[in-house]
Amino acid sequence: MKRVLVSGGAGFIGSHVTVELIEAGYDVLVADDMSNCDLTCYEGVKKITGRDDLPFVKMSFCDMEATDKLFSEWKIDAVIHFAAFKAVGESVSDPLKYYGNNLQSFINVLEAAKAHGCRNVLFSSSATVYGEPEELPVTEKSPRQPSTSPYGNTKQICEDILRDSVAAYPQIRGIALRYFNPIGAHPSALIGELPRGVPNNLVPFITQTAIGRRECLSIFGDDYPTPDGTCQRDYIDIVDLARAHVCAVARMLDEKMEQEYEIFNVGTGRPLSVMELVNAFQKVNNLKLNYKIAPRRPGDVTAIWADPTLANEKLGWKATRTTEETLASAWAWEKHLAGK
Ligand code: UDP
């Protein structure tokens with residue numbers, strides 16, 4: 001059986017990916033420094049998959065010695081690298097924390113993969129690299145735009161580090177997946193997003209408002225040049241997103257890559273506005289949300305959604321869950337957290 005290392009595997013995306021990898025028949029090794037999560041999702045993964053023996057190593061990939069030790073103690077066929085900080089605002093106020101952690105950990109993973117014969121590296125990138133796109137939907141050929149935050153910049157730089165490393169070292173090859181807006185939770189409601197403090201992202205803020213942890217959702221701007229004036233995004237279900245990783249890992253391990261470095265958009269191809277999402281959430285969960293229109297949030301792009309054709313064709317992957325299913329799963333997870 002092939003083994004996949006999931007760095008940051010106790011987090012939101014990493015835990016969902018771990019479940020899908022196990023269900024697809026891979027051995028998974030989870031590693032996480034627990035700097036931005038607790039054991040909730042790791043325990044949830046074990047419950048969902050029935051793998052009480054799921055190996056877990058608490059470590060930071062910024063520690064080269066620990067990274068090297070991990071790769072020498074385990075035979076790793078592919079690594080999916082999630083371990084990174086992700087709060088856009090914090091990256092602006094503390095850029096060195098972001099550059100230090102996000103770049104060093106990835107460099108160490110690449111060094112260790114190269115040294116220990118792990119050919120296959122999957123990097124978790126973001127649609128943030130497209131900035132405010134001139135043409136919609138965005139394809140992988142759409143130009144990257146200068147980043148508006150150190151966080152976004154680390155995604156661009158890590159993509160470049162992977163591209164250049166693959167070009168220079170025949171020992172490794174790589175795929176970067178550019179995620180649009182991952183939302184929702186596993187249908188079991190045993191794993192999901194666990195924001196620390198006040199959520200920055202829309203859906204956790206909505207579910208926390210609905211459960212009464214927040215008073216009121218602020219919709220940031222209703223005067224954008226979009227059909228209803230609120231921003232448009234491509235919200236991708238977390239389980240669909242996780243499955244894209246399984247397809248990408250299989251593409252690498254089954255020797256299906258056409259180039260040594262490949263990039264894929266992971267989105268639905270459907271734009272949804274903030275207002276449409278709020279309305280869909282209220283309708284599918286049969287509740288009323290307290291919300292108000294607030295000023296625009298600095299740094300937000302007006303509209304972005306994916307052209308996922310390349311992933312559909314080359315990865316054999318497609319988003320399958322409806323917005324309603326996804327928003328119902330997000331609400332089920334919030335209720336699970338609240339013990340309801
Ligand atoms: N948003 C909002 N209120 C919030 C959080 C987000 O209106 O409390 C909007 C935000 O302006 C953007 C969309 O929801 O248009 C998605 O924001 P999020 O932070 O989830 O993801 P982003 O696209 O910024 O990465």
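One-based numbering, in listed order, for ligands and for the atoms of each. Computed from a predicted model, the values in this text were never measured in an experiment.
Side-chain atoms of Thr230 and Asp222 include no donor-acceptor pair closer than 3.5 Å.
Partners of Gln208 under the side chain to side chain donor-acceptor pair (under 3.5 Å) rule, at least two apart in sequence or in another chain, are Arg214.
Protein residues with a heavy atom closer than 4.0 Å to ligand 1 are Asn181, Asn200, Asn201, Leu202, Phe205, Leu217, Ser218, Ile219, Phe220, Cys231, Arg233, Tyr235, Val274, Arg297, Asp300, listed by chain and number.
Connectivity analysis of hydrophobic side chains (ILVMFWY, heavy atoms under 4.5 Å, direct or indirect) links Leu327 to Ile183, Val198, Leu202, Val203, Phe205, Ile206, Ile211, Leu217, Ile219, Tyr235, Leu272, Val274, Met275, Leu277, Val278, Phe281, Val284, Leu287, Leu289, Tyr291, Ile293, Trp331. Hydrophobic cluster membership for Met64: none, as no Ile, Leu, Val, Met, Phe, Trp or Tyr side chain comes under 4.5 Å of it.
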Test log, rule side chain to side chain donor-acceptor pair (under 3.5 Å), inputs Tyr98 and Glu90: CA-CA 9 Å; Tyr98 277 68; Glu90 188 192 34; 2.5 Å; yes
Verdict with supporting geometry, Leu21 and Ile80, side chain to side chain contact (heavy atoms under 4.5 Å, CB included): CA-CA 11 Å; Leu21 285 169; Ile80 307 182; 4.0 Å; yes
